[in-house]
Amino acid sequence: MSDPGFEISPWELRWCGLDLEALHRTESIFALSNGHLGLRGTLEEGEPVGLPGTYLNGFYESRPLPYAEVGYGYPEHGQTVVNVTDGKIIRLLVEDEPMDLRYGDTRAHNRVLDFRSGTLRRDTEWTSPTGRTVRIRSERLVSFTERTIAAVRYEVEPLDGDIELVVQSDLLVNEPITATRGDPRLAAALDRPLIADEVAARELAAVLVHHTRSSGLRMAAGMDHELAVPGSARCGVHAEDDLARVTFAADVPFGEKLCLTKYLAYGWSARRSAPALRAQVEAALAAGLDTGWEELLARQRAYLDEFWAQADIELDGDPALQQAVRFALFHVLQAGARGEARAIPAKGLTGPGYDGHAFWDTETFVLPVLTYTMPGAAGDALRWRHATLDQARRRARELGQSGAMFPWRSIDGEEASGYWPTATAAVHVNADIADATARYLAATGDEKFEIDCGVELLAETARLWVSLGHYDTAGLFRIDGVTGPDEYSALADNNLYTNLLARRNLEEAAAACERQPEVADRLGVDADELAHWRECAAAILLPYNHELGVHEQSEGFTRYAPWDFAATPAENYPLLLHYPYFDLYRQQVVKQADLILAMYLCPNAFDLGQKTRNFDYYEALTVRDSSLSASVQAVLAAEVGHLSLAFDYFAEAAFTDLHDLHHNVSAGLHIAALAGTWISCVGGFGGLRDQDGLPAFAPRLPAPIDRLAFRILWRDSRIRVEITAANTTYRLLTGEPVRLTHHGEARVLEGELTLPNPPAPVVAAPRQPASRAPRHNRPRHLA
């Protein structure tokens, strides 16, 4: 059997070989989801397993937050995603010997995540300790079109003669999970978190209904089956509180197969009764069986054909990067496609990392991708934020502020972080939501969303800034004591990112209220308030060091003591695991792109010379202890002329999870970092910016890429952009003509335009902190 590893292929991710030590990370990488239901890529047999995981978006358990000392305004309860009923398990006994890859001889083993079929396939040849050999083939999907449905096709073929097989198909609740954190309250919350309500079983089907102890949420899971086997099979069903099992026993002749198709259905609610949820799941199972496996596959393929037609990125010159880009887009789709009334968690539904919480990452990294490729999903994510406005208003009142204060991290809209300096103080999340709202409105022209949600989101977030800030004696509007995206610089005054995004928030809120005066009137926004928003925006303080000729990340930042990078061993990164925040907060060291991100999101606030000087200054301070940083650095590096560096950062972003660069993929993928791969291509090498309500492009390619092509949706028009070193071709695929700019030149795209790319500026290479150059170590790939 081959040594384990990934093969390079443009439309799939194939793992060949057996490596039990890699189970934790491959389970995340091979996870399937539709934004509502997520299944980690564990083996059907249930064991060996790295970390079992089945998740329902928004389904969590609450727990008390631990504090050494309490304080007014501290959130009282945290939220943790729950590993719900595992329906993936199909155990196999070969002549009474349990199929387990830790025993016997695995002659061949490969798994394939197919980006076009939306399925995970597996092919294993295994010889039991008693010498019997079988081939096991499986394929599973989580349906994009039937939101509550998943299905598994499981085939067993004897390879050395007639054989007796027993297959046990399970629904398993409260699987044991090894604790990975030191908080005993978290361990207690996740120790058998589901309590049985109802059990039902008949023929080849079963449904289990459970609820959580503290959060009061209820969920149901059900399974049903179709069996194809030569001759007859003996079947039985058994169910108890935390286990339902359907058992099949059959004698399978050599040259024949046992084929089991397992249909799964899930549902949850905070309000519905156990009988109602059971009925919902039974109805979904009936619909799934009526649709059938082949039709589910066909619908999955059709859904993905449509997605790739409007979202694919073609990249010539590096096959491994082409694969990584499509892997990233596939997982961004899985995280956001059918979340609908729920958040998009930072890990999607691939693992329990960050307790299943959503952060500002969603609006700043994930929603740009969805806005330009799947705007309906972006609108749904913003509608979830709007649905939590009452909680955000209450949080603002609790902290003595006006408007709304959205949570730093949450599952249901309540603040779930107990670390004040980088949670409550990170109020830029409000501006991030406003920025995503404004971008969505500009790109889609969705007036219904603007009337129903958009104006209110913009107005309530704008009111926070007016409440939070104040004018100083020089007449400048200040926002003090906040934390920007860089979590190594907490509780700073006038963080440039926060102030710039707040300014945009105030301006966009005023414009939206003027477009929709009836909504503004309903919200109590009058002419005086609009004028005040604009006055605050015009007067906002943007710290700048004239001596150095650079903007300050926050007021006084450039006067802090420099971090001694030369004396910092490479093994001491990430710094937060080896040095106290007391030191980090007082020195010039940057965890992740902060001011650099501001230059990307607010491009008109800087001229090219300022962008170049700012990039060089902060490049020497940024250690990228966050997976969010590389893609943003790639974008600005491309804009100011560091094309080789931009390519290296793009590669780091693309391989963050595939190569486990941060050593934590076992807890789930980094969805925002995966979205950053798209941002690097489209915002970096394509130069896309939303500029005054128009798409603006400034394409340029680094040498390793021969050709880059991508598609975006703008209003109801679909545009294809194809970039080579010399030229860029814009093609209107569908829809009305589009006004755009190419390197500052205004054009109208009606059919096809081919325009020359000006050369990149010639600039000296910047330096990075010692041992922190871009890293995208490329392990060997199989031939």
Side-chain angles (χ1 to χ4, degrees), residues 4-7 12-35 37-57 81-91 99-102 106 109-115 118-124 136 138-142 150 152 154 170 172 175-181 190 262 264 266 324 327-328 330-331 334-335 345-356 627 655-671 673-674:
F6 290 121
E7 287 184 353
E12 66 182 27
L13 190 68
R14 180 184 296 270
W15 176 275
C16 292
L18 179 62
D19 183 355
L20 299 181
E21 296 300 316
L23 283 178
H24 279 83
R25 66 186 182 94
T26 56
E27 287 165 357
S28 297
I29 287 169
F30 286 139
L32 294 178
S33 170
N34 60 13
L37 167 65
L39 310 179
R40 277 177 64 83
T42 52
L43 298 169
E44 282 81 13
E45 293 79 24
E47 294 182 17
V49 63
L51 180 66
T54 302
Y55 309 107
L56 290 168
N57 194 346
V81 65
V82 172
N83 175 33
V84 299
T85 309
D86 191 349
K88 304 183 296 296
I89 298 174
I90 302 175
R91 305 185 195 276
M99 192 280 174
D100 188 324
L101 295 179
R102 294 169 294 190
T106 303
H109 179 66
N110 67 77
R111 309 185 79 194
V112 180
L113 183 65
D114 191 317
F115 310 144
T119 62
L120 175 63
R121 298 191 297 272
R122 171 262 191 105
D123 193 333
T124 302
I136 300 153
S138 70
E139 187 169 17
R140 74 173 68 155
L141 64 83
V142 176
V152 184
Y154 189 83
D170 289 358
L172 179 62
E175 292 171 286
I177 297 177
T178 303
T180 58
R181 308 180 105 192
L190 296 182
K262 181 176 187 177
L264 297 167
Y266 288 84
F327 169 80
F330 180 72
H331 271 292
Q334 290 200 129
K347 294 287 189 180
L349 299 176
T350 66
Y354 302 125
D355 289 333
S627 64
F655 292 129
T656 289
D657 284 339
L658 283 176
H659 295 176
D660 199 9
L661 296 183
H662 291 262
H663 309 294
N664 55 9
V665 165
S666 60
L669 303 181
H670 301 82
I671 300 301
L674 293 168

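If you read the sequence from its start, that first residue is 1, and numbering goes on from there.
- Under the 4.5 Å side-chain criterion, counting only non-hydrogen atoms from C-beta, Tyr55 is not in contact with Val82.
- With Leu349 as the fixed residue, the side-chain contact (heavy atoms from CB on, under 4.5 Å) test singles out one of Leu669, Asn57, Leu39: Asn57.
- A tilted orientation is assigned to the rings of His662 and His670, their planes being inclined by 30° to 60°.
- Separation of atoms NE2 (His663) and CZ (Arg25) is listed at 11.0 Å; rounding is to 0.5 Å.
- Classified by interplanar angle (parallel below 30°, tilted 30° to 60°, perpendicular above 60°), the ring pair Phe6/Phe30 is perpendicular.
- Glu44 contributes no side-chain N or O that, together with a main-chain N or O of Arg91, makes up a donor-acceptor pair within less than 3.5 Å.
- Of all non-hydrogen atoms in Arg111 and Arg140, the two that sit nearest each other are NH2-NH2, 4.3 Å.
- Using a 4.5 Å heavy-atom cutoff, the side chains of Thr54 and Arg40 are not in contact.
- Listed here is the closest heavy atom pair of Leu56 and Tyr266: CD2-CB, 3.7 Å.
- Side-chain contact between Trp15 and Thr26 is present, with heavy atoms from C-beta onward closer than 4.5 Å.
- Judged by distance alone, the side chain of Glu12 and the main-chain N or O of Asp114 form no donor-acceptor pair under 3.5 Å.
- A distance-only check finds a donor-acceptor pair linking the side chain of Ser33 to the backbone of Gly35 [under 3.5 Å].
- The shortest side-chain heavy-atom distance between Leu20 and Arg102 falls under the 4.5 Å cut-off.
- A side-chain donor-acceptor contact under 3.5 Å links Ser28 to the backbone of Val665.
- Within the 3.5 Å criterion, the main-chain N or O of Gly50 finds a donor-acceptor partner in the side chain of His24.
- Taking the side chain as every heavy atom from C-beta outward, Glu27 and Val49 approach each other to under 4.5 Å.
- Side chain of Gln334 to backbone of Ala31: a donor-acceptor contact under 3.5 angstrom is found.
- In this structure, the side chain of Asp19 does not engage the main chain of Leu23 through any donor-acceptor pair within 3.5 Å.
- Between the side chain of Asn34 and the backbone N or O of Leu37 there is at least one donor-acceptor pair closer than 3.5 Å.
- Contact between Ser138 and Tyr154 at its shortest, heavy atoms only, is CB-CD1, 4.0 Å.
- Residue Asp170 comes nearest to Lys262 through the heavy atom pair O-NZ, 2.8 Å, listed as atom of the first residue, atom of the second, then distance.
- For Arg122 and Glu139, the salt-bridge test fails: no basic side-chain N is under 4.0 Å from an acidic carboxylate O.
- Between Phe327 and His331, the angle of the ring planes goes over 60°, which puts this pair in the perpendicular group of the 30/60° scheme.
- For the pair Val112/Leu13, no side-chain contact is recorded, criterion being any heavy-atom separation below 4.5 Å from C-beta on.
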